[in-house]
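If you read the sequence from its start, that first residue is 1, and numbering goes on from there. These numbers were taken from a predicted model, which means no experiment stands behind them.
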Amino acid sequence: MSELYWLDATELAQRIRARELSPVEVLRAHRERAEALNPKLNAIVTPIDEAEALAREAEAAVLRGDELGPLLGVPFTIKDSLDTAGVRTTRGSRLFADHIPGEDAVAVARLRAAGAIPLGKTNLPEFAFWWETGNLVFGTTVNPWNPERTTGGSSGGEAAAIAAGLSPLGLGSDLGGSIRLPAHYCGVVGLKPTHGRVPLTGHWPEVLLRFMHVGPMARSVRDAALALSVLSGPDGRDWYSVPVAAPAFGEEEAMPPLRVGLLAENAFGPVDPEIAATVRRAAAALAGLGFEVGPASIPALERNDWNLLTLVLYGAEGRAYFESVVRGRRAELHPALQRRLTAPLAPLEDYLAAEAEVEALRRDLAAFFVEHDVLLCLTTPVVAHAHEAAEIEIAGRVLPARAIMRATIPFDLTGPPALTVPFALSSERLPIGVQVVGRRFDEATVLRVGAALERLRDLSAGELRPPL
């Protein structure tokens, strides 16, 4: 079959298990796709040579009738901030251009243990600390929908690889929207699990861990759910990982009439009218299923620009950490990171005030989820913008580019599960994703709502394929 690379991971796993597809031919299809397109996209930066041998082993296991892992034979890609044993892991930096870890990150090891085959490492900004994907080691990743537009960051290489058919499944990480923003810009599914659901062991940088998340990026919601079932659970080394059962997910399960709080605009500052209209259409689609949908209000969310608060929080903690890493080699850093490390630090009273606002937001979200089952909102206020934009125009207003994170950062700071699902294409034929946020550790509800939106979206499956 010439287009195996458009099948999702769940179908690939099912058809391999049924002996309808060979892991070797599945890997070959994705390798050939990458050979054809990756030179244009710059999404995969380090191929993993072991993949071919692993595909042959997977094929032999199927033929022997062995007990098979849930992802046996399915290729996956890995953001280059996650360790891979024996495979270069640059963290997007010249400082680590030759870094080769001795063991896999826990998330990588768990996908491998489930039978998935690591295909390659994907591009990211230096130290995974920027909202666009490019660095001085590999250069910039371009959006498969329009090479003049960004993939977002910091998991932009991963999103581009999945959107273009180079990989059906991948691992990203999220500190300010780094899974969900690229998913929105590139038209794929991105899940930031509840903080503590997936161990961070083997992900770098090891700072701001109380806000950091590792999670799956995929072609479908059911793929994100399947990957999460494999990734979930404590590993004994990540202090934050919590011993809770993996979420049970059945996309065809009947759902009770859920209570959906809607934030289409205003709460996150200016929003492009097409984005706001898409979120409202998604709300109407859920209302058509019998859900109780109504406008929501979350006071702490609405009274703060969370970008500014994270400049205070992330700036202070990140600066101290990275200064010890750089150790006099600042001239080798990407200009974006150099600016981060030279920005003035806020005084202590501002830092403490920012921490107090985060606590207030946690309380307000807890109160919201007493009255609602999920929050439906935008992922970001614009479609994919031009590369390296210092400013962006939103609804007639010119704002600093970091305004794109106003609807994602709050849920990194507070830790609930948040899912971005492609729902429409803009007038420029660029993807628009909507965001579903749920109670802590209630990924099952978030995923079921996401799957419903996936079925009801304004697109056909073919239209989600970028014009490559």
Side-chain angles (χ1 to χ4, degrees), residues 79-82 89-97 99 123-141 150-157 172-182 185 200 203-213 304-348 350-355 357-358 380 385-392 399-406 408-410 412-413:
K79 184 178 180 179
D80 206 22
S81 55
L82 285 148
T89 301
T90 71
R91 302 162 178 173
S93 178
R94 288 174 171 174
L95 277 60
F96 295 96
H99 173 63
N123 208 17
L124 75 168
E126 188 163 30
F127 296 175
F129 228 62
W130 199 245
W131 54 81
E132 292 201 50
T133 294
N135 56 63
L136 298 180
V137 181
F138 300 114
T140 299
T141 299
T150 184
T151 60
S154 59
S155 307
S173 59
D174 199 310
L175 179 65
S178 293
I179 287 173
R180 292 157 291 152
L181 290 171
Y185 288 148
L200 302 172
H203 179 271
W204 198 89
E206 295 175 326
V207 66
L208 295 162
L209 297 183
R210 68 191 186 283
F211 303 132
M212 184 71 77
H213 306 70
N304 286 306
D305 181 342
W306 293 93
N307 290 303
L308 299 181
L309 292 186
T310 54
L311 282 174
V312 174
L313 292 171
Y314 293 4
E317 297 180 45
R319 170 95 161 258
Y321 178 85
F322 290 130
E323 287 286 6
S324 67
V325 171
V326 171
R327 291 179 184 157
R329 298 178 65 183
R330 184 176 293 176
E332 298 178 54
L333 300 178
H334 190 280
L337 193 56
Q338 291 195 40
R339 290 193 296 271
R340 296 291 288 270
L341 295 184
T342 55
L345 295 178
L348 177 60
D350 289 355
Y351 180 89
L352 295 176
E355 285 280 18
E357 284 298 322
V358 172
T380 186
H385 54 80
H387 295 284
E388 299 183 9
E391 296 178 325
I392 53 175
L399 298 172
R402 66 178 298 115
I404 62 171
M405 298 185 290
R406 286 192 66 166
T408 52
I409 279 177
D412 289 288
L413 294 172

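Side chain of Thr151 to backbone of Pro182: no donor-acceptor contact under 3.5 angstrom is found. The backbone N or O of Glu388 lies less than 3.5 Å from a partner atom in the side chain of Glu132, making a donor-acceptor pair. Under the 3.5 Å distance criterion, the side-chain polar atoms of Arg91 are left unmatched by any main-chain donor or acceptor of Ser81. Side-chain atoms of Thr408 come within 3.5 Å of backbone N or O of Gly176 as a donor-acceptor pair. Distance alone, capped at 3.5 Å, places no donor-acceptor pair between the Ser93 side chain and the Glu126 backbone.
Salt bridge present: Asp412 and Arg180 bring a charged side-chain N and a carboxylate O closer than 4.0 Å. The pair Glu355-Arg210 meets the salt-bridge criterion, since a charged nitrogen lies less than 4.0 angstrom from a carboxylate oxygen.
Between the side chains of Asn123 and Thr133, no donor N or O sits under 3.5 Å from an acceptor N or O. Between Tyr351 and Glu317, the side chains place a donor N or O and an acceptor N or O closer than 3.5 Å (distance only, hydrogens not considered).
In this structure the side chain of Val325 reaches within 4.5 angstrom of the side chain of Trp204, judged on heavy atoms. Between Thr310 and Met405, every side-chain heavy-atom pair lies at or beyond the 4.5 Å cut-off. Glu323 has its side chain within reach of Arg330: a pair of non-hydrogen atoms, C-beta onward, lies under 4.5 Å apart. Side-chain contact between Phe127 and Leu333: present, with at least one pair of heavy atoms (C-beta onward) separated by less than 4.5 Å.
Here the closest non-hydrogen pair linking Leu413 and Val358 is O-CG1, 3.8 Å. The nearest pair of heavy atoms linking Ala389 to Ala401 is O-CB, 3.1 Å.
In this structure, the separation between CG on Leu95 and CD on Glu332 is 5.5 Å, given to the nearest 0.5 Å. With values rounded to the nearest 0.5 angstrom, Leu309 atom CG is found 6.5 Å from Glu357 atom CD.
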